[in-house]
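The structure appears right after this line, and notes come after that.
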Amino acid sequence: MKLYLNDTSPFSRAVLAILGLIQPSALELEWVDPWQSPNNLKKVNPFCTIPVLELDDGTALMESLSICQYLCGAYQVDNLKALNLSSPSEMRVLGLAKTLMELSFRTAVLPRFTEVENELISRGSKAIERCLAQIEEEPALLLGLDPVHDSRAPCNLATLYLHVALDYVAFRHNATFSAHAGPNIRAFLANSPFASLLQAITPEQLALKPKFSDLILSLEAA
């Protein structure tokens, strides 16, 4: 398999985290800059977006959540519970997390293409603030916590996406995160079942463009 990714994409990081749990014997990391529209990326994805997972038979899977769902179905993923697709609370967490990830990414990227503040950037920034506030107000529901029986979020795909999304807000919108992320969000990130995993694949570490085998060593040491 080959994973097309870059070092700062939260979508790539979510897929890489799942692959870190699976630890396939043969996985090549293809580091690309999608903004340069490289030919190797365009060949496997007409949208020229990342991540893309190219399977051994040449099938190219795109869109992070689709890739993660495929990996969870095709492999035995240790320490990752299946999502309950009929659970409104789990689906709410997943939808909120994926939307926060997409909005945070778009709001961070838009200034590259405009020199002035515009309505999309302003609306996106305000929405991120509202989302952080809502998570703080409803930690038991939105973080999947059962304060009576469990102090940790469930080890499922919704929790992973929420952790990656909040990490990305802290990375790209640090002033907003510092101002609006309260004790509930910070406790979630500290106690998340994916904390050690994601600490081993931070954007700073991925900026070195490591091989997957090197990442596995980092994950085993985490």
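Atom set for the values below is all heavy atoms of this structure, side chains included, hydrogens, waters and symmetry mates excluded.
Partners of F105 according to the ring-ring contact (aromatic ring centres under 6.0 Å, His included) rule, which considers only residues two or more places apart in sequence or in another chain, are F11. Under the side-chain hydrogen bond (donor to acceptor under 3.5 Å, both in side chains) criterion, S9 pairs with S12, not counting sequence neighbours. By the side chain to side chain contact (heavy atoms under 4.5 Å, CB included) test, Q23 is found to be paired with I216, E220, residues two or more places apart in sequence or in another chain being considered. Applying the side-chain hydrogen bond (donor to acceptor under 3.5 Å, both in side chains) test to Q69 and every residue at least two apart in sequence or in another chain returns nothing. Considering only residues two or more places apart in sequence or on other chains, Y168 meets the ring-ring contact (aromatic ring centres under 6.0 Å, His included) condition with none of them.
Following chains of ILVMFWY side-chain contacts shorter than 4.5 Å, one cannot reach L215 starting from Y4, and the two form parts of different hydrophobic clusters. L27 and M62 end up in different hydrophobic clusters when Ile, Leu, Val, Met, Phe, Trp and Tyr side chains are linked at under 4.5 Å. V52 and I201 sit in two unconnected hydrophobic clusters of ILVMFWY residues. Membership requires side-chain heavy atoms under 4.5 Å apart, directly or through other members. Note: the hydrophobic cluster containing L16 does not contain L208 (ILVMFWY, side chain heavy atoms under 4.5 Å, direct or indirect links). A continuous path of hydrophobic side-chain contacts links L103 to I185 [ILVMFWY only; heavy atoms under 4.5 Å].
Every pair passing salt bridge (Lys or Arg N to Asp or Glu O under 4.0 Å) that includes a residue from residues 158-171 is listed here, sequence neighbours excluded: R13-D167. Legend: salt bridge (Lys or Arg N to Asp or Glu O under 4.0 Å) pairs involving residues 72-89, not counting sequence neighbours: none detected. Sorted by first and then second residue, the ring pair (Phe, Tyr, Trp, His ring centres under 6.0 Å) pairs involving residues 61-85 (not counting sequence neighbours) form an empty list. Residue pairs satisfying the salt bridge (Lys or Arg N to Asp or Glu O under 4.0 Å) criterion with at least one member in residues 95-111, sequence neighbours excluded, are listed as follows: E63-K98, K98-E102. Residue pairs satisfying the salt bridge (Lys or Arg N to Asp or Glu O under 4.0 Å) criterion with at least one member in residues 121-132, sequence neighbours excluded, are absent.
Grouping Ile, Leu, Val, Met, Phe, Trp and Tyr by side-chain contacts under 4.5 Å, direct or through others, puts L110 with L120, I121.
How far CZ of R172 is from OG1 of T107: 12.5 Å, rounded to the nearest 0.5 Å. In this structure, L160 CG and F194 CZ are separated by 5.0 Å, a value rounded to the nearest 0.5 Å. How far CG of D33 is from OG1 of T8: 8.5 Å, rounded to the nearest 0.5 Å. In this structure, the separation between CG on N79 and SG on C155 is 6.0 Å, given to the nearest 0.5 Å. To the nearest 0.5 Å, atom CD1 of residue I67 and atom SG of residue C72 are 12.0 Å apart.
When the options V15, L55, L71 are evaluated for a side chain to side chain contact (heavy atoms under 4.5 Å, CB included) with L61, the one that passes is L55. In summary, of the residues considered (E136, E137, E138), a side chain to side chain donor-acceptor pair (under 3.5 Å) with Q134 occurs for E138 alone.
Other residues, nucleotides and ligands place more than 12 heavy atoms under 6.0 Å from the CD atom of E204.
Using a 4.5 Å heavy-atom threshold, the side chains of N6 and I50 count as touching.
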Residues 38-47, side-chain donor-acceptor partners within the protein, below 3.5 Å, at least two apart:
unit_1	atom_1	unit_2	atom_2	d
N40	ND2	E30	OE2	2.9
N45	OD1	F47	N	2.9
N45	ND2	T49	O	2.9
N45	ND2	T49	OG1	3.0

Between L206 and T202, does the side chain to side chain contact (heavy atoms under 4.5 Å, CB included) criterion hold? Intermediate values first, please.
CA-CA 6 Å; L206 298 181; T202 63; over 6 Å; no

